[in-house]
Every structure is written in structure tokens, then in C-alpha cells.
Number of protein chains: 2
Amino acid sequence: MRIGELAERAGMTTRTLRYYEARGLLPARRTTNGYRAYDEEDLRLLEQIRTLRDFGFGLEETRPFVECLRAGHPAGDSCPASLEVYRSKLAELDDCIARLHAVRQQVGADLARAELEASVAEPRCEWSTHPQETPDTTPVERTERPTP
Amino acid sequence: MRIGELAERAGMTTRTLRYYEARGLLPARRTTNGYRAYDEEDLRLLEQIRTLRDFGFGLEETRPFVECLRAGHPAGDSCPASLEVYRSKLAELDDCIARLHAVRQQVGADLARAELEASVAEPRCEWSTHPQETPDTTPVERTERPTP
DNA sequence: TCTGGCGTTGACGTCGGGGTCAAGGTCTAA
DNA sequence: TTAGACCTTGACCCCGACGTCAACGCCAGA
């Protein structure tokens with residue numbers, strides 16, 4: 001299998017696969033003409049990388065899982081190094097969530113206070129119809145990396 | 001006040017102040033010899049920026065607050081544009097927290113499963129003293145931007 | 001007068017995860 | 001034979017918020 005086919009089957013670009021190879025994450029055999037040659041095993045490795053990447057793991061953090069698979073283990077998380085990455089990721093997530101919670105509390109409180117002061121400064125009829133300013137342009141920003 | 005003094009009083013570097021000026025966030029008067037000249041008002045603006053930045057607001061998100069202060073309002077969040085930034089930040093935080101929660105659940109479950117499988121494969125005495133591997137090198141990574 | 005400590009601008013580096021050319025080699029079907 | 005679809009390497013670009021370095025100007029104290 002050449003790089004184009006693997007990229008398509010893995011749902012990645014050829015650039016990404018070359019990048020992974022340059023980082024030593026996915027070394028490739030070569031055919032006589034210099035083309036990269038991959039097999040089904042490489043597809044499994046890529047799926048492992050993809051799963052972790054979608055969870056917000058950095059590339060380096062996927063390395064233990066990939067090496068675990070290449071070492072012949074049935075799953076990428078069958079090795080101690082992978083478990084350690086899991087654990088540190090959990091700690092990182094908990095820390096991040098806690099900080100975001102604290103910030104959310106503070107920003108929410110600041111907003112409430114500022115809204116109160118604004119309503120005092122310019123008393124509009126709060127109990128009448130409140131036209132819901134700008135509810136249409138919801139900046140949902142489609143979900144990407146969880147920015148861990 | 002020149003840039004060095006302001007930077008020190010605001011707890012920032014001169015590079016940061018020049019960067020803010022380049023972004024149009026903190027324009028500076030100039031003395032006859034070309035040096036930047038600041039006053040106490042600029043210190044207030046910087047403190048506003050700093051507060052928001054510490055909460056994870058991007059530079060552009062601090063702009064409405066800074067302009068609100070420069071317009072003579074008592075607080076940076078006295079203007080509608082600032083409130084709108086508060087609101088979108090809240091939504092962003094809620095979204096981010098929810099995603100991190102989901103990821104945390106999944107990673108936690110994966111870790112538990114992998115640990116279980118590991119303990120089945122290599123049964124060590126779980127009920128005896130468990131030496132708490134590597135609890136000393138806590139990768140706390142001193143608190144920075146909440147990466148919103 | 002010299003030294004050292006400020007100030008100035010401009011340019012480039014950082015970090016991650018690739019995107020986007022450019023210039024050329026290789027293979028296959030028509 | 002030739003088009004066009006694939007492959008190769010190398011190089012530069014992107015985001016944000018600055019850090020770092022270079023080369024120079026300005027000013028005060030010894």
C-alpha cells in the first residue's frame with residue numbers, strides 16, 4: 001500500500017503521514033523506486049494515533065501506545081508507559097477542568113455584576129418584552145481538539 | 001514614565017508593552033527623543049489587560065475593555081461590547097468544560113480497563129502494600145493560561 | 001571621556017500539527 | 001507516446017503572545 005491509499009483509508013492527508021514519519025512515529029519501508037510502502041499494521045497504528053489525537057493527546061503522548069502496538073501487544077494501552085500517559089493525562093485534565101471551573105465562576109460573577117450595574121445606570125423595562133439581543137449569531141465554533 | 005518603569009510596575013516585560021502598542025492596544029505618546037511616555041492611566045489599562053489575560057482571554061478580547069476604560073468609564077466592563085465578550089467567553093468556557101469532562105470520563109474508563117487487564121495478565125498482590133509509583137514528580141505545570 | 005544602563009527598530013525563533021507550493025521522478029492506461 | 005495521476009524531497013506559511021538578538025541612539029555618573 002502506498003501513501004495515498006493509506007492516507008485515504010486512515011482519513012488523513014499524505015502530508016500528515018510524512019510528518020509522522022519525520023517525527024519517527026510511523027517509519028515506512030521503501031519500494032525499489034523510493035515510494036513508501038505500508039501494510040495493514042500501519043493502518044492500525046494510525047487508528048490508534050487518531051483515537052488519542054481526537055482525545056486531545058499530543059503526538060509525543062501517542063508514542064508509547066504506538067510502540068506498544070508495534071511490540072506485538074494486542075492493544076496500545078497494554079504497556080506500562082501507556083498507562084502512565086493515561087494517568088498524567090487524567091491529572092492534566094482534572095487540573096484543567098478545575099481551573100476552567102474557577103474561571104467560569106469568576107467570569108459569571110463579573111458578568112452578573114456588570115449587568116446589574118448597567119441596568120441600574122440605564123433602567124430599561126426589564127419586566128416587559130426583552131428582545132433577546134443577538135441570539136442568532138451563536139458562536140458555536142465547531143468542536144475541535146479539547147485544547148488540553 | 002518610560003517603558004521600563006511601566007513594565008516593572010505592571011509586572012510585564014518591555015517587549016510585551018511594545019507588542020501591545022504594535023497591536024494598537026496600548027498606544028504611547030513620545031518624548032522629544034523618541035522614548036515612549038506613559039502615565040498612570042496606562043497602568044490601569046495594563047492591569048485590566050492583565051486581569052483578563054490571566055483569565056484566559058485573548059488579546060483581542062481585552063480590546064473592548066481597554067477601549068471602554070479609555071472612553072472614560074469607571075470600569076472596563078461598563079460597556080455593552082465588554083459584556084458581550086463576557087457572554088461569549090462564558091459559552092466558550094462551558095463548551096470547553098463539557099468537552100473536557102467527556103474526555104476525562106473516557107480516558108478514566110480506558111485507564112481502568114487497561115489496568116484491570118494488566119493486573120489479570122500479571123497478577124501482583126494488590127491488597128498488600130502498593131508502593132505508589134512516582135508520586136513525587138507531580139507534573140503540576142505551574143498554572144498558566146486556561147487554554148480556552 | 002568612557003562605561004553602563006536605559007531606549008529604539010527590525011528580524012527571526014518558539015511551539016504543534018500540519019497546509020501549500022515547486023520542481024521533478026514514476027507508473028499506467030489510452 | 002503522451003497525458004495525468006501518483007510519488008519524492010525541500011522549503012516556506014499559519015496561528016498567539018511574546019522571547020531573543022543585533023545594531024544602534026541617548027543620557028547620567030565617575
Side-chain angles (χ1 to χ4, degrees), chain A residues 1-38 42 45-46 48-63 66 85 89 92 96 141-148, chain B residues 1-38 42 45-46 48-63 66 85 89 92 96 141-148:
Chain A
M1 183 174 14
R2 290 181 304 181
I3 194 171
E5 184 182 347
L6 179 60
E8 187 166 9
R9 289 178 65 185
M12 300 173 172
T13 68
T14 59
R15 176 70 177 94
T16 299
L17 300 196
R18 282 191 272 261
Y19 178 66
Y20 289 173
E21 185 185 30
R23 316 268 12 218
L25 205 60
L26 189 80
R29 272 85 50 207
R30 299 298 180 122
T31 61
T32 55
N33 59 15
Y35 286 11
R36 289 170 178 84
Y38 302 94
D42 293 314
L45 300 186
L46 278 181
Q48 173 75 79
I49 293 175
R50 202 169 152 65
T51 300
L52 294 173
R53 203 195 55 177
D54 289 349
F55 275 143
F57 285 64
L59 261 195
E60 284 312 309
E61 291 173 323
T62 72
R63 195 180 292 273
V66 173
V85 171
K89 201 68 187 178
E92 192 183 322
C96 188
E141 67 182 72
R142 51 269 175 276
T143 169
E144 285 305 319
R145 323 292 311 282
T147 73
Chain B
M1 184 176 7
R2 291 181 302 180
I3 195 171
E5 183 182 348
L6 179 60
E8 187 166 9
R9 289 180 63 186
M12 301 173 171
T13 67
T14 59
R15 178 68 180 94
T16 299
L17 301 196
R18 281 191 272 261
Y19 177 66
Y20 290 172
E21 184 185 29
R23 318 268 15 217
L25 205 61
L26 190 80
R29 272 84 50 207
R30 298 297 180 123
T31 61
T32 55
N33 59 13
Y35 286 11
R36 290 169 178 84
Y38 301 94
D42 293 314
L45 300 185
L46 280 180
Q48 174 73 80
I49 294 174
R50 200 168 151 67
T51 300
L52 294 172
R53 201 195 56 179
D54 289 349
F55 276 145
F57 287 63
L59 260 195
E60 285 311 309
E61 291 174 322
T62 72
R63 197 180 292 273
V66 173
V85 171
K89 202 66 187 179
E92 193 183 322
C96 188
E141 67 181 72
R142 50 272 175 275
T143 170
E144 284 303 317
R145 327 289 314 281
T147 73

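Every chain is numbered from 1, with letters handed out A, B, ... down the list of sequences.
- In this structure, CG of Leu6(A) is placed 10 Å from P of dC7(D), rounded to the nearest angstrom.
- Under the rule for a side-chain hydrogen bond (donor to acceptor under 3.5 Å, both in side chains), Gln48(B) has no partner lying at least two apart in sequence or in another chain.
- With sequence neighbours excluded, the residues that form a side-chain hydrogen bond (donor to acceptor under 3.5 Å, both in side chains) with Arg9(A) are Glu40(A).
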>> Strictly under 4.0 angstrom, non-hydrogen atoms only: write out the protein contact profile of nucleotides 23-30 of chain C, one letter per nucleotide from the 5' end, B, S or -.
In response: --BBS---

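- Rounded to whole Å, the distance from CG on Leu25(B) to P on dG16(D) is 14 Å.
- In this structure, the CD atom of Glu61(B) is 12 Å from the C1' atom of dG16(D), given to the nearest Å.
- Contact check, Arg23(B) against dA17(D): no side-chain N or O comes under 4.0 Å of OP1 or OP2.
- Summarising the geometry, the separation between CE on Met12(A) and P on dG16(C) is reported as 18 Å, rounded to the nearest angstrom.
- Applying the salt bridge (charged side-chain N to carboxylate O under 4.0 Å, His left out) rule to Arg30(A) yields the partners Glu21(A); only residues at least two apart in sequence or on another chain are considered.
- The interatomic distance linking Leu17(B) (CG) with dA17(D) (P) rounds to 15 Å, in whole Å.
- Taking the C1' atoms of five terminal pairs at each end of the helix from dT1(C)-dA30(D) to dA30(C)-dT1(D), the two resulting helix axes are inclined by 40°, rounded to 10°.
- By the side-chain hydrogen bond (donor to acceptor under 3.5 Å, both in side chains) test, Arg23(A) pairs with no residue at all, sequence neighbours left out.
- Taking side-chain N and O atoms only, Arg36(B) has no distance below 4.0 Å to OP1 or OP2 of dC6(C).
- If you take OH of Tyr38(B) and P of dC6(C), they are 16 Å apart, rounded to a whole angstrom.
- Considering only residues two or more places apart in sequence or on other chains, Glu8(A) meets the side chain to side chain contact (heavy atoms under 4.5 Å, CB included) condition with none of them.
- The CD atom of Glu21(A) sits 16 Å away from the C1' atom of dG17(C) (whole-angstrom rounding).
- To the nearest angstrom, C1' of dC7(D) lies 7 Å from CZ of Arg18(A).
- Residue contacts shown for Arg30(A) are limited to sugar-phosphate atoms, with no base heavy atom under 4.0 Å away.
- With sequence neighbours excluded, the residues that form a side chain to side chain contact (heavy atoms under 4.5 Å, CB included) with Thr31(A) are Asn33(A), Tyr35(A), Ala37(A).
- Contact between Glu61(A) and Val85(A) at its shortest, heavy atoms only, is O-CG1, 3.7 Å.
- Residues passing the side chain to side chain contact (heavy atoms under 4.5 Å, CB included) test with Thr51(A), sequence neighbours excluded: Phe55(A).
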> When every nucleotide of nucleotides 18-24 of chain D is labelled 5' to 3' by its protein contacts under 4.0 Å (heavy atoms), B for base, S for sugar-phosphate only, - for none, what sequence of letters results?
Replying inline: BBB----

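- Contact check on Arg2(A) versus Glu5(A) returns no salt bridge, with no Lys/Arg side-chain nitrogen under 4.0 Å from an Asp/Glu carboxylate oxygen.
- Leu45(A) approaches Val66(A) most closely through the heavy-atom pair CD2-O, 3.9 Å.
- For Arg18(A), the side chain to side chain contact (heavy atoms under 4.5 Å, CB included) partners two or more places apart in sequence, or in a different chain, are Ile3(A), Thr14(A), Arg36(A).
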